[in-house]
Amino acid sequence: MSKLTVFDHPLIQHKLTIIRNKDVGTKEFREIVDEIASLMAYEVTRDLPVEDVVIETPVATTTQKTLAGKKLAIVPILRAGLGMVDGIMKLIPAARIGHIGMYRDEESLEPVEYFVKLPEDIDQREVLVVDPMLATGGSAVMAIDALKKRGATRIKLITLVSAPIGVETVQKTHSDVDIYTAGLDEKLNEHGYIIPGLGDAGDRLFGTH
Ligand code: URA
């Protein structure tokens, strides 16, 4: 069974509470999602391997740690996932970016794939799939399917807010994919929104509705 990490860091919890508030406008929402994404990236990359490197400081030769050349890809699920990319890129600027386009059919609530563009060597990269809201889990499962079909083997899922059913669905379907989230909420409502959630993440990020 894959691991579920719910971040209890005070800064992450505080910032998530701010953006749950319906009165927070687009600019502040976007900025805070960016900040949370950076904080989450710091934790999600904790297990990256390091290796020794010999360097010269102004006063001595020393052996120190450096990242062991591990290749990463960040793959937002369009469109709300885009809101988390810059925050992660601040910490991992050399990561490649893939895109997976999904929309949710408003009636069936089922995800429909319409666009997949990934780095060519996706099979050699650790992949961070990002989507702010893990609701039914349908889009995440489909995005992970799309990645595995193209050779990706090491995949992590990063979300802001998750519903228990979404977590369960991903864990059942992709037991090798660890999930990282800032908030584990109660349930979905009849329209597929996470309760209490924060509303439609894409609309709140991009000022649409
Ligand atoms: N997608 C969102 O943007 N919000 C939800 O609450 C559920 C799915």
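The first residue of the sequence shown is numbered 1, and numbering continues consecutively from there. A quick note: this is a predicted structure, and the numbers were derived from the prediction, not measured. Scope of the values below: all heavy atoms of this structure, side chains included, with no hydrogens, waters or symmetry mates. Ligands are counted one by one from 1 in listed order, and the atoms in each one are counted from 1 as well.
Checked by atom type, the side-chain pair D203/T208 shows a donor-acceptor distance below 3.5 Å. Side chain to side chain, T159 and T181 meet the donor-acceptor criterion of an N or O pair below 3.5 Å.
Close to ligand 1: G192, with a non-hydrogen atom less than 4.0 angstrom away.
Remark: minimum distance from atom 2 (C) of ligand 1 to any protein heavy atom is reached at M133 CG, 3.4 Å.
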Checking salt bridge (Lys or Arg N to Asp or Glu O under 4.0 Å) for the pair R150/D123: CA distance, chi angles, key distance, verdict?
-> CA-CA 7 Å; R150 290 162 179 83; D123 56 322; over 6 Å; no
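Between K3 and D176, no side-chain nitrogen of the basic residue sits less than 4.0 Å from a carboxylate oxygen of the acidic one, so the salt-bridge criterion is not met.
Distances below 4.0 Å separate heavy atoms of A201 from the following atoms of ligand 1: 2 (C), 3 (O). The contact set between ligand 1 and D200, taken as ligand atoms under 4.0 Å from a residue heavy atom, comprises 2 (C), 3 (O), 4 (N). If you number the atoms of ligand 1 from 1 as listed, the ones under 4.0 Å from a heavy atom of I194 come out as 5 (C), 6 (O), 7 (C).
Note on ring orientation: taking the six-membered ring where Trp is involved, the planes of Y180 and F7 are parallel (angle under 30°, cut-offs 30° and 60°).
Every N/O-N/O distance between A135 and ligand 1 stays at or above 3.5 Å. On a distance-only criterion, G199 and ligand 1 share at least one N/O pair closer than 3.5 Å.
Between L147 and I100, the closest side-chain pair of non-hydrogen atoms falls below 4.5 Å.
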